[in-house]
Amino acid sequence: MTTSTHRHHEPSMAMPAHLNPSEHVTARSPRRHAETNQRRLTWSLSVAPPVLVAIILLIGWYVSTTSGYVNALFLPAPADVLQSLSDGISSGIYLNNLLVTLEESLIGFFLALVIAIPLGYGLSKSRVLAAAIHPYLAAGQAIPVMVIAPLLVLWLGYGWVPNMYVCTLVVFFPMVVNTVLGIQVIDRALTDAARVEGASGWSLFAYIEFPLALPSIIAGVRTGLTLSIVGAMVGEFVQGGDAGLGSLLLVAKNQYNTPLMFATLFVLAVLAIVFYGSTWLLSKIANAIY
C-alpha cells in the first residue's frame, strides 16, 4: 500500500500583511510624526517672529535709555515704567480707572451691537430703507468723533454716559457694514431653495441667512469691540475728567510723568488683547455651533 506524500496543511492563522496591526501602526507613525512636526513648525513660525521683534525692541529701549542717548522725559527706562506700573497696581489706581473705561466701552459696544445687526439686516433686504439711511451713515462716518464728542458732553453733561455714546458711534459703523456685506454675499440659490422648502421670515434668517453671514458679522464684532476702547479714550480725552484710563493719561501728560503714561498704555494694550482674545473665543464657539 502506497503512502501518500501529500500532507494536509492546517490553514494559517497569520494575518495578511496589510492587516497586521503592528505594521499598520508602524506605517502610520511616520505620518503622525510628520504632522506633529508640521504643527510645531507652524506654531513656531507664528510665535517666534513677534517674540523676536519684542526682544529686539526691549533691548534697544534699554540700551538707548541707560546709555543716556535718549532723554528720560521722552522715553523712560523700562525699570521706571515697571516701577510705575507696580505702584499703580498696588495703590488701585489702575483697577479703579480700568473699571470705568471697561464699563464705558462694553456698554457702548453692546448698545451698538443691538442696533447695528438688525439695521444691517434691514439695509441688506430693503432698498427703500437703504436709500433712506445710507447717506446719513456715510455722513456720520465722515464726521470725526472728536467733533461729535464735545456736543455729546454739552447735551448729556459730564460722566460716563456721553463716553458710552461715543463708543457706540465708533463701533456702530463697522458692525453695520459687515452685517450688510455678510447678508448680501449669500448665494441667492440657497435662499431660493430654502423658500421652496417652506422657509420664510424668522426661520429663513435663523437657519440659513444668519449662519452663512456669521463669519462677516463676527469680523465686525471683533473690530467693534477693539475699537470700543478707542471710543472710551476719545470721550475721556474730551471731558478731561478724573476717571478712566484716558483721564489718567491726561494727568500723566500734564505732570510730564512719562513712566506713568507708558504704564497706562501698557494696561490699555493688555485690555485690547483681552478684548480681541474674547472675540477669537467667540468665533471658535460660533464655528462649533454652526
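Both backbone and side-chain heavy atoms feed into the values below; hydrogens, waters and symmetry mates do not.
- Atom CG of Leu102 sits about 12.0 Å away from atom CG of Asn97, to the nearest 0.5 Å.
- Hydrophobic clustering (ILVMFWY, side-chain heavy atoms < 4.5 Å, transitive): Leu282 and Phe275 are in one cluster.
- Without hydrogens or angle criteria, Thr168 side chain to Gly108 main chain gives a donor-acceptor distance under 3.5 Å.
- Looking at every heavy atom in both residues, Pro118 comes nearest to Leu113 through CD-O, 4.1 Å.
- Side-chain contact between Leu123 and Leu137 is present, with heavy atoms from C-beta onward closer than 4.5 Å.
- Heavy atoms only, all atoms of each residue included: Gln184 and Ser124 are closest at CG-CB, 4.0 Å.
- Cluster membership check: Ile273 does not share its hydrophobic cluster with Leu225, using side-chain heavy-atom separations under 4.5 Å among Ile, Leu, Val, Met, Phe, Trp and Tyr.
- Val170 and Ile217 fall into different hydrophobic clusters, where Ile, Leu, Val, Met, Phe, Trp and Tyr are joined by side-chain heavy atoms under 4.5 Å apart, directly or via other members.
- In this structure, CD1 in Ile117 is found 6.5 Å from CE in Met175, a value given to the nearest 0.5 Å.
- Ala232 approaches Cys167 most closely through the heavy-atom pair N-SG, 3.1 Å.
- Closest heavy-atom contact between Ser84 and Leu260: OG-CA, 3.4 Å.
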Next item on the list: Determine, step by step, whether Val267 and Leu271 satisfy the side chain to side chain contact (heavy atoms under 4.5 Å, CB included) criterion, reporting the C-alpha distance in whole Å, the side-chain angles of both residues, the deciding distance to 0.1 Å, and the verdict.
Entry: CA-CA 6 Å; Val267 174; Leu271 179 60; 5.7 Å; no
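- Scanning all heavy atoms of the two residues, the minimum distance from Val171 to Ala112 falls at CG1-CB, 3.9 Å.
- Side-chain atoms of Ser86 do not come within 3.5 Å of backbone N or O of Leu82 as any donor-acceptor pair.
- Contact annotation: the side chain of Asp80 never approaches that of Phe262 to less than 4.5 Å [non-hydrogen atoms, C-beta and beyond].
- In this structure, the separation between CD on Glu209 and CG on Leu214 is 13.0 Å, given to the nearest 0.5 Å.
- Atom-to-atom distance recorded for Ile229:CD1 and Thr226:OG1 is 6.5 Å, nearest 0.5 angstrom.
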Checklist line | Working for side chain to side chain contact (heavy atoms under 4.5 Å, CB included), residues Leu98 and Leu245 | finding: CA-CA 6 Å; Leu98 175 64; Leu245 294 176; 3.9 Å; yes
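- Counting heavy atoms from C-beta on, the side chains of Ile59 and Val63 come closer than 4.5 Å.
- In terms of hydrophobic clustering, with Ile, Leu, Val, Met, Phe, Trp and Tyr side chains grouped at heavy-atom distances under 4.5 Å, Ile143 and Val234 are assigned to a common cluster.
- Note that CG of Asn71 is 11.5 Å distant from OG of Ser64, once rounded to the nearest 0.5 Å.
- Note that the CE atom of Met233 and the CG atom of Leu249 stand 6.5 Å from one another [nearest 0.5 Å].
- Contact of the Val270 side chain with the Tyr94 side chain is not registered, since no non-hydrogen atoms from C-beta on lie closer than 4.5 Å.
- For Phe237, the CZ atom sits in a packed shell: over 12 heavy atoms of surrounding residues, nucleotides or ligands are nearer than 6.0 Å.
- In this structure, Val147 is a member of the same hydrophobic cluster as Leu156, with clusters built from ILVMFWY side-chain heavy atoms closer than 4.5 Å.
- The closest donor-acceptor contact from the side chain of Ser216 to the backbone of Asn178 lies under 3.5 Å.
- Proximity of Val81 to Phe266: side-chain heavy atoms (C-beta onward) are nowhere separated by under 4.5 Å.
- Atom OH of Tyr165 is surrounded by 12 or fewer heavy atoms from other residues, nucleotides or ligands within 6.0 Å.
- Phe172 has its side chain out of reach of Leu169: every pair of non-hydrogen atoms, C-beta onward, lies at least 4.5 Å apart.
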